[in-house]
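Protein chains get the first letters and strands the later ones, always in sequence-line order, with residue 1 at the start of each. Note that the structure is predicted; figures quoted are calculated from it, not measured.
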Amino acid sequence: MAAISDDVFFATIPELSARLKEKQFSAEDLARAFSSRLLQLGPRYNALALALPQQAIRKAQEVDNDLRRNRLRGPLQGIPYAVKDLLAYAGQPTTWGAKPYAAQVFDYNATVIDKLEGVGAVLTGKLSMVELAGGGGYRYPSASLFGPGLNPWDRARWSGGSSSGSGAAVAAGLVPFAIGSETSGSIVTPASFCGVTALRPTYGLVSRYGAMALSWTLDKLGPFARSAEDCGLILQVISGKDGKDPGSAGKSFYYTPQYARPLEDLKVGYAPLDFSDRAEPSARAAFAAALGVLKATGVQLVETKLPQCPYGPTLSTILAAEEASIFETLISSGQVDQLADQAQIAGLKAALDVPAKDYLKAMRIRRLMQDEFSRVFTEVNVLVAPGRSGPAPPIEQRLDVGGPPAPAGTAPGFQGIIPAGNLAGLPALVLPCGFADGLPVALQLVGVPFSENTLLAIGREFQKQTDWHRRRPPGF
Amino acid sequence: MKVTRRRLAGALLVTAAARAQSAAQAAPPRTPEEELKAARARLQAAGDMLTKQEVPMATEPAFQFKA
């Protein structure tokens with residue numbers, strides 16, 4: 001077996017792919033090394049739900065046979081990855097991070113896994129998550145079968161959720177990439193807190209078949225990786241029409257940076273206060289510098305206002321109504337009481353009481369929100385905001401208490417961008433952009449539906465001018 | 001959605017109410033019954049807020065059914 005040096009664990013997909021082709025190591029070497037690392041270090045961050053080393057080695061051996069026969073399948077061939085444990089993998093437990101489902105086994109794969117297998121990517125394991133993706137509303141990071149997600153930058157801090165393991169595993173170099181999910185914040189938050197590049201695709205671009213449903217109209221699957229380019233390469237594989245997903249947009253995605261619009265043609269809307277007075281004090285310097293880099297990419301920064309809409313109540317009503325229907329049996333049977341977080345249990349029970357009129361009203365308001373955003377995107381091409389207003393909180397901190405109110409008379413900024421973006425089905429790219437008290441902070445770029453190539457083009461240029469996305473946690 | 005002074009005032013009232021709620025959340029509910037009551041109250045508040053939103057009659061929900 002070839003020796004795998006430490007730099008391999010933090011290499012990008014093109015770097016790994018090139019080294020595989022140069023035969024610096026085999027796919028089996030890579031699978032063994034990453035599997036061993038995931039098994040050894042994953043539990044340190046409560047990131048590992050299930051290791052699949054034997055399956056990974058078998059798949060990697062197939063890949064090596066293909067490579068010997070020059071059967072090439074693209075840049076993800078031979079690249080190890082892991083998935084959030086809400087994705088079905090035939091014959092193995094899929095726990096959804098929740099005690100009532102700890103022994104659940106499906107006899108089929110999620111479409112995303114089948115697509116990645118088809119191009120020769122090597123599944124090494126399943127990653128921890130907040131129980132049931134946190135839809136009932138959870139109070140503490142410990143709301144998981146696997147315990148609180150611990151941040152590789154400081155294990156006394158939360159890795160973020162609900163894709164806790166996905167963020168931590170990529171940050172710690174346990175996998176080159178991971179697949180997570182977002183209903184409202186579950187990709188953006190762990191990516192921001194763990195200093196990892198991640199992409200929340202347009203709703204419907206990636207098949208949800210085989211993924212636990214929390215909200216049929218809000219759920220999206222997306223990649224966590226080492227770079228914007230990596231996210232583009234992964235999205236190209238996992239996207240596309242799927243008749244097994246009723247929400248499938250029927251569109252494919254081709255990562256085409258060579259055809260991206262010149263960045264000088266792009267207007268990026270932002271609210272200055274989000275990066276200053278509204279940001280946590282420790283993060284303001286990093287955010288100010290990041291805005292400067294963004295401007296240096298050539299895009300024009302334009303002060304913009306988000307439409308004034310009730311994003312929070314609209315999202316919480318839609319989420320509650322849909323999750324209550326999805327988990328009706330769990331709730332009515334009383335098994336919901338087995339969950340770890342008391343607020344989550346109560347939230348799911350209360351969700352059964354949401355009247356149909358409220359759900360329908362929320363879905364009608366949602367239609368108006370989409371129209372409002374269409375108008376915003378006639379003025380700008382992209383929106384930018386902090387991924388989160390500051391770095392990761394301590395793991396014992398309550399998550400259901402809001403931060404200090406903004407000074408009176410302050411404009412609201414883009415505070416609602418996470419629920420707003422999810423309600424409108426908009427894509428978002430998370431870019432690590434610096435540090436606050438030694439912990440990562442990030443930007444999020446939000447675009448028009450199906451504008452992932454535009455977001456990735458800005459991200460690529462941003463990452464040419466910075467190295468935040470290549471930084472490693474202490475000890476690595 | 002037309003931004004009227006009434007709507008903006010409503011949004012500001014919600015912000016103030018949310019802050020008050022945040023302050024009141026200093027201690028979490030102690031019993032499952034209190035938790036459930038608090039969760040129901042939050043969803044009720046959300047529903048009440050949405051009830052106040054004006055929506056043109058012709059606006060359909062943001063989902064599609066196809067035969």
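For the atom pair CD (B:E60) and CG (A:L360), the distance works out to 11.5 Å, reported to the nearest 0.5 Å. Atoms CD1 and CG, from A:I318 and B:L50 in turn, are 8.5 Å apart once rounded to the nearest 0.5 Å. Atom CG of residue B:L43 and atom CG of residue A:D358 lie 9.0 Å apart, to the nearest 0.5 angstrom. The OG1 atom of B:T31 lies 9.5 Å from the CD atom of A:Q342; values are rounded to the nearest 0.5 Å.
For the pair A:P310 and B:Q53, the minimum side-chain heavy-atom distance is below 4.5 Å. Side-chain contact between B:V55 and A:R367 is absent, with no heavy-atom pair separated by less than 4.5 Å.
Options A:K357, A:R139, A:R366 differ in how many heavy-atom pairs under 4.5 Å they form with chain B, and the most are formed by A:R139. Of all the listed residues (B:D48, B:T59, B:L36, B:T51), the one sharing the greatest number of non-hydrogen pairs under 4.5 Å with chain A is B:T59. Residue with the most contacts toward chain A among B:E35, B:Q44, B:E34: B:E35 (heavy-atom pairs, distance under 4.5 Å).
The closest donor-acceptor contact from the side chain of A:R364 to the backbone of B:M57 lies under 3.5 Å.
The number of heavy-atom neighbours closer than 6.0 Å to NZ of A:K244, taken from other residues, nucleotides and ligands shown, is above 12.
Only the side chain of A:K361 comes within contact range of chain B, with at least one heavy atom under 4.5 Å from a heavy atom of that chain. In this structure, the portions of A:A343 lying under 4.5 Å from any heavy atom of chain B include both its backbone and its side chain.
The shortest heavy-atom contact between B:A46 and A:T317 is CB-OG1, 3.8 Å.
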